[in-house]
Amino acid sequence: MGRVQDTTPSLQHILQEFDQCADLSRRNFPEIRVDIVYFPHLVSSKLLTDEILEPFARPQGDKIEQLLEQSQFVFQADVKKVVVGILGGSVAIFHLDQVYMFDAYGPETRSLVQSETETIITGPHDSFVESASTNLSLIRRRIKSSHLKVIRCSVGEISKTDVYILYIKGIANLEYVEELQKRIQRIEIDAINEGSMLSQFIEDNPNSVFPQFLTTERPDAAESKLEGGKIITIIDNSPTAISAPASFFEFFSSPDDYYQRWALGTAVRLLRYSALLITIIFTAMYVSITTYHYEMIPEALLRTLAESRTRVPFPPVYEALLMETMIELLREAGARLPTKIGQTIGIVGGIVIGQAAVQAGLTSNILIIAVASSAIASFVIPSYMMSASIRLVRFGLIILAGIWGNMGLSMGVALLIIHLSGLTSLGSSYLSPVAPMKGGDWKDVFIRAPFALLKTRPFQTRTPNPVRQKMRK
């Protein structure tokens, strides 16, 4: 059956458009010559009953026209907009030759619970859910200002997913807002299912292993980014919000840093940067030293290392790659299995496999320590996306260290820094405020200074918008 080309909406046209849609509901009120069409699982049953079913159930004769003139009933003369409205949770009301739309959107959503990927010790424990309207309400409850603006877009030729761009007028750089909106509107795809998926379409360099947009499930984190001049993007059917533009150093910050004393926040943040160095170079350094640079090992440790490697038949690079791969397998298995089983697999599997590998002569004790330390350090990084990227980079550094030793490791680190220096997020430097150098912003990058010193917004999002100057006056 071909699609109807007539743009005039009628009951027959709409029913033909939704042919073979068994979940579509149609109710008829013959006394007042009214038909309503809607999807029951997309509308609020309370709104439907209070505003439509009960008033229309009582025959009102000529008063039905007066009822439909109320502001909640919107006249619609375009069949495409009627179809889109029904798919978006509206009720189509057919009376004579006219169609009215009533927004009754209210599907079932899961309750607000604590985020499992961004856990904190102190602070709010609510998180975003899959409903964009709920997520917007979480932001509005925190930022009670008319300067918080929301732009609505639609992405996906089939899914028609709603995407909301949030920014604070007078604080956010409007050039970034316009650029982000253009990129989202240029997306050509059938469907967008998740926020992280959307970010891959709008990144400056989609071929990089590093995420160029920060994703979060925490409303308090999104609020903080908005107040700092960032732009937040919320996607319907996704619990993930996107913050832009992003800096590499943002991925090592956690809301916990601001909910506890500044000295503790600084110490923990420095610990994360130490974990970054450990997880990147610890195993690669082991490969480099045991392959080419035994002179770097203290004499007291050299005998122990030599004894532990006497039974190992593989070069250190193969040994390290094998154990790193086993760690990744255990990590992935623990993530995919049910929680209780996954924890057991991770702990028991790591102990049993590590001990058996040493006894079988497949690896040395010291390598087990290096690999385990690198794995533990990777968990310290708050962002899962950044942690996964760094783990992938670690394999490349191990290979370079196995080929050229310390020189290969130095080359790998240098290439990594060069690559990061060339990345941008919405055209903004990815290594801001280190490159370009803005020392004044370091007080909230490598340390978490007292709040009395955090009165200026980051240089990356600082803007001389005229509206902002008016707000100050």
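As a basis for the values below, the full set of heavy atoms in this structure was taken, side chains included, without hydrogen atoms, waters or symmetry mates.
Atom CD1 of Ile121 has 12 or fewer neighbouring heavy atoms from other residues, nucleotides or ligands inside a 6.0 Å radius. With a 6.0 Å radius and a threshold of 12 heavy atoms from other residues, nucleotides or ligands, Arg183 has its CZ atom above the threshold. More than 12 heavy atoms of other shown residues, nucleotides or ligands fall within 6.0 angstrom of atom CZ in Arg186. Within 6.0 Å of NZ in Lys443 there are more than 12 heavy atoms belonging to other residues, nucleotides or ligands. Under a cut-off of 6.0 angstrom, the local environment of CD in Gln185 is crowded, with over 12 non-hydrogen atoms contributed by other residues, nucleotides or ligands.
The two atoms that bring Ser432 and Phe249 nearest to each other are O-CD1, 3.6 Å, heavy atoms only. Contact detail for Ser90 and Tyr38: the closest heavy-atom pair is O-CB, 4.2 Å. Heavy atoms only, all atoms of each residue included: Gln114 and Ile120 are closest at NE2-O, 4.1 Å. In terms of heavy-atom proximity, Val155 sits nearest to Ser159 at O-OG, 3.5 Å. Counting all heavy atoms, side chain and backbone alike, Ile86 lies closest to Leu42 at O-CD1, 4.0 Å. The two atoms that bring Ala191 and Met197 nearest to each other are O-CE, 3.5 Å, heavy atoms only.
The existence of a salt bridge linking Asp444 and Arg269 is confirmed by a sub-4.0 Å separation between a basic side-chain nitrogen and an acidic carboxylate oxygen. The existence of a salt bridge linking Arg448 and Asp257 is excluded, since no basic side-chain nitrogen approaches an acidic carboxylate oxygen closer than 4.0 Å. The pair Arg152-Asp162 counts as a salt bridge, with a side-chain nitrogen and a carboxylate oxygen less than 4.0 angstrom apart. Looking at Arg331 and Glu328, a side-chain N of the basic residue comes within less than 4.0 Å of a carboxylate O on the acidic one, giving a salt bridge. Using a 4.0 Å cut-off between charged side-chain N and carboxylate O, Lys80 and Asp78 make no salt bridge.
Side chains of Tyr259 and Asp220: a donor on one and an acceptor on the other come within 3.5 Å. Checked by atom type, the side-chain pair Glu194/Ser238 shows a donor-acceptor distance below 3.5 Å. Ser127 and Glu118 share no side-chain donor-acceptor pair at under 3.5 Å.
By the 4.5 Å heavy-atom criterion applied to side chains, Leu276 and Arg272 are not counted as neighbours. Using a 4.5 Å heavy-atom threshold, the side chains of Leu180 and Ile184 count as touching. Considering only heavy atoms from C-beta on, Ser208 comes within 4.5 Å of His419 through its side chain. Asn237 places none of its side-chain heavy atoms less than 4.5 Å from the side chain of Asn193.
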Do Thr122 and Gln260 pass the side chain to side chain donor-acceptor pair (under 3.5 Å) test, and can you show the C-alpha distance, the side-chain angles, and the key distance before you say yes or no?
CA-CA 8 Å; Thr122 59; Gln260 55 190 357; 5.8 Å; no

Verdict with supporting geometry, Ser387 and Arg391, side chain to side chain donor-acceptor pair (under 3.5 Å):
CA-CA 6 Å; Ser387 175; Arg391 294 202 308 269; 3.3 Å; yes

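Using a 30° and 60° split on the angle between ring planes, Phe73 and Phe56 fall in the parallel class, below 30°. By the 30° and 60° cut-offs, the orientation of the rings of Phe39 relative to His41 is tilted.
A donor-acceptor pair is defined here as one N or O able to donate and one able to accept, closer than 3.5 Å; such a pair exists between the side chain of Arg142 and the backbone of Leu138.
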